[in-house]
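Side chains included, hydrogens not; waters and symmetry mates left out as well; all remaining heavy atoms used. Counting starts at 1 for both ligands and their atoms, in listed order. These numbers were taken from a predicted model, which means no experiment stands behind them.
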Amino acid sequence: MKLLVVGGGGREHAIIKKLKENKEVEVIYAAPGNGGMGKDAVCVPIGAKDIEGLVAFAVEKKIDYAVVAPDDPLVLGAVDALEAVGVSCFGPRKDAAIIEGSKIFSKNLMKKYGIPTAAYEVFEDADEALAYLENAAIPTVIKADGLALGKGVIIAESREDAKAAVISMMKEGAFGQSGSRVVIEEFLTGPEVSVLSFTDGKTVVPMVSSMDHKRAKDNDEGLNTGGMGTIAPNPYYTEEIAKECMETIFLPTIRAMKAEGREFRGCLYFGLMITPDGPKVIEYNCRFGDPETQVVLPLLESDLLTVMQATTSGTLSADMVRFSDKSACCVVMASRGYPEKYETGFPITLPEDLEDSVYVAGAKAAEGKVLTAGGRVLGVVAVAEDPKAAIDAAYGKVKRVHFENAYYRSDIGARALAAWEKTRKE
Ligand code: AMP
Ligand code: GLY
């Protein structure tokens, strides 16, 4: 089989490595991929948002199955366009990808179907939003309606900050069209859990839970990033909570999308907060999370391609998806300065025995070397019997990967480990 994976980050590298385990796979093309995945995929210089280019390539190479991984092409309708030329795909069509593409859509969906989420108001007019903020509870959360490179959510700790966020999004166009409408919502508290799921539109099969670490610095300080590391499973996601989420969130969401005529097939990501009132949805993503995928897929014991194809053909069942009960930890190594200014172009040295443990996000190939080419450069992953062993093993490997100006957090998994140890004592 000839596969095409759309996207070019660490998440895509993890998907590609897992897909390669299937013996039927002859070749995997990555569009655009990155210079660090050369051993696992054939990278082709087609941007993930270049839908016409992707379609032409898929036809030319007679691609048997395409995996569209990032949010942008999904929201733009890449799956619809590929299916229109007969290419079977993993991922939701445009009408279902809107669950991530529009926060207003997803909030209204949750309200209509009684799915627990933060209370909210929608604003299309900046002055009305500013007037509302005069009496809103603080902290409050301002969200741009559309995709904003993960930066469209502002937690405002003061009324002034809240107003500034509204002005920046709605009057100054900080996120272009994406911020012309906003959601202002209640600030929730509690541990966050990421649950990715496979779904064929009728059946939903949650994957192992995980915890992201979004802030740049230790102790969850510093700026928000695309994710500095992950650990799976997430100890806050107990069996009891999992059951509650299935009944109050996962199934109702899948059924709601079907009832709306927007059947969702692919990976639906539930960003949850375990609040004192129970689990609530913070956000939906219409795709695999990054860097959650880098800890979730190494724990998947089933064949990924088979499961993906079942989501496409509507034949998914829970017994097709099996996860190991081990733990996995991913430490992201970034360029020092990220997510602000940083330098790139430094050679990456990676011992051969670690190649299977590294998912490359931001690198380019030049003169036989692999050079850093992004803020987040690569993720180093370890799987072990328990969270402590996974964390220790991941950091052990990190020490053996080198490039100039490397920066990483030293506490990935620490909070999860403390929670895990506490539950074991109880
Ligand atoms: P997002 O960009 O949608 O992933 O949101 C970024 C982060 O903002 C989430 O991971 C949460 O930590 C936080 N967040 C979003 N909505 C809320 C909320 N209603 N209450 C508290 N924190 C929130
Ligand atoms: N890790 C969060 C996301 O993929 O959006």
Side-chain angles (χ1 to χ4, degrees), residues 7 9-12 14-15 69-72 74-75 97 99-107 110 115-121 136-157 161-162 165 169 175 178-179 182-197 207 209-216 220-232 234 236 266-277 279-297 330 332 339 359 361 376 379 412 415:
R11 163 185 58 199
E12 286 75 8
I15 290 172
D71 49 4
D72 285 308
L74 289 167
V75 170
I99 198 165
E100 173 169 7
S102 168
K103 294 242 185 325
I104 297 176
F105 171 85
S106 68
K107 294 298 290 189
M110 288 186 268
I115 298 164
T117 189
Y120 71 103
E121 297 285 339
I138 299 293
T140 188
V141 184
I142 324 280
K143 299 186 171 182
D145 176 47
L147 297 180
L149 299 168
K151 295 182 183 134
V153 174
I154 306 286
I155 313 283
E157 305 277 353
D161 287 355
M169 286 183 199
F175 305 116
S178 286
V182 302
V183 171
I184 301 185
E185 72 177 28
E186 173 197 9
F187 175 75
L188 299 177
T189 55
E192 284 184 59
V193 179
S194 305
V195 180
L196 285 56
S197 70
M207 302 182 217
S209 62
S210 56
M211 184 190 286
D212 193 3
H213 297 69
K214 288 197 168 117
R215 301 296 199 92
D220 294 327
E221 286 167 12
L223 295 170
N224 248 323
T225 72
M228 295 301 292
T230 33
I231 188 156
N234 185 321
Y236 293 103
C267 173
L268 183 54
Y269 167 130
F270 300 90
L272 307 171
M273 195 171 266
I274 314 301
T275 75
D277 301 328
K280 294 190 179 179
V281 177
I282 289 283
E283 61 164 351
Y284 292 114
N285 291 327
C286 66
R287 51 169 176 88
F288 280 98
D290 190 339
E292 284 90 341
T293 305
Q294 290 90 313
V295 285
V296 169
L297 289 187
C330 170
V332 170
Y359 300 129
R376 290 187 304 162
I412 300 302
R415 190 156 165 237

Numbered atoms of ligand 1 (with element) below 4.0 Å of [X], judged on heavy atoms:
X	value
Val153	1 (P), 2 (O), 3 (O), 5 (O), 8 (O), 15 (C)
Phe187	20 (N), 21 (C)
Glu185	16 (N), 17 (C), 18 (C), 19 (N)
Lys143	15 (C), 16 (N)

- prompt: How long is the span from the CG atom in Leu297 to the CE atom in Met207, to the nearest 0.5 Å?
  reply: 7.0 Å

Without swapping roles, check the side chain of [X] against the backbone of [Y] for a donor-acceptor pair under 3.5 Å.
X	Y	result
Arg376	Val332	no
Ser106	Lys103	yes
Thr140	Ala156	no
Glu100	Ala97	no
Asp145	Gly179	no
Asn234	Glu192	yes
Thr225	Ala216	no
Tyr236	Ile274	no

- prompt: Looking only at N/O atoms, are Val141 and ligand 1 under 3.5 Å apart anywhere?
  reply: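 Such a contact does not occur with ligand 1.
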
Which residue and non-hydrogen atom of the protein lie closest to [atom], and at what distance in Å?
atom	value
atom 20 (N) of ligand 1	Leu188 N, 2.8 Å
atom 17 (C) of ligand 1	Ile282 CD1, 3.6 Å
atom 11 (C) of ligand 1	Glu192 OE2, 3.2 Å
atom 13 (C) of ligand 1	Ile155 CD1, 3.7 Å
atom 4 (O) of ligand 1	Glu283 OE2, 2.9 Å

query: Can you list the residues that meet the ring pair (Phe, Tyr, Trp, His ring centres under 6.0 Å) rule with Tyr284, with sequence neighbours excluded?
result: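 Applying ring pair (Phe, Tyr, Trp, His ring centres under 6.0 Å) to Tyr284 gives Phe270.
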
Residues Glu292, Ser210; criterion side chain to side chain donor-acceptor pair (under 3.5 Å); working and verdict: CA-CA 6 Å; Glu292 284 90 341; Ser210 56; 4.9 Å; no

query: Around ligand 2, what residues show up once you keep those with a heavy atom under 4.0 Å from it?
result: Asp212, Tyr269, Asn285, Arg287, Gly289, Asp290, Glu292

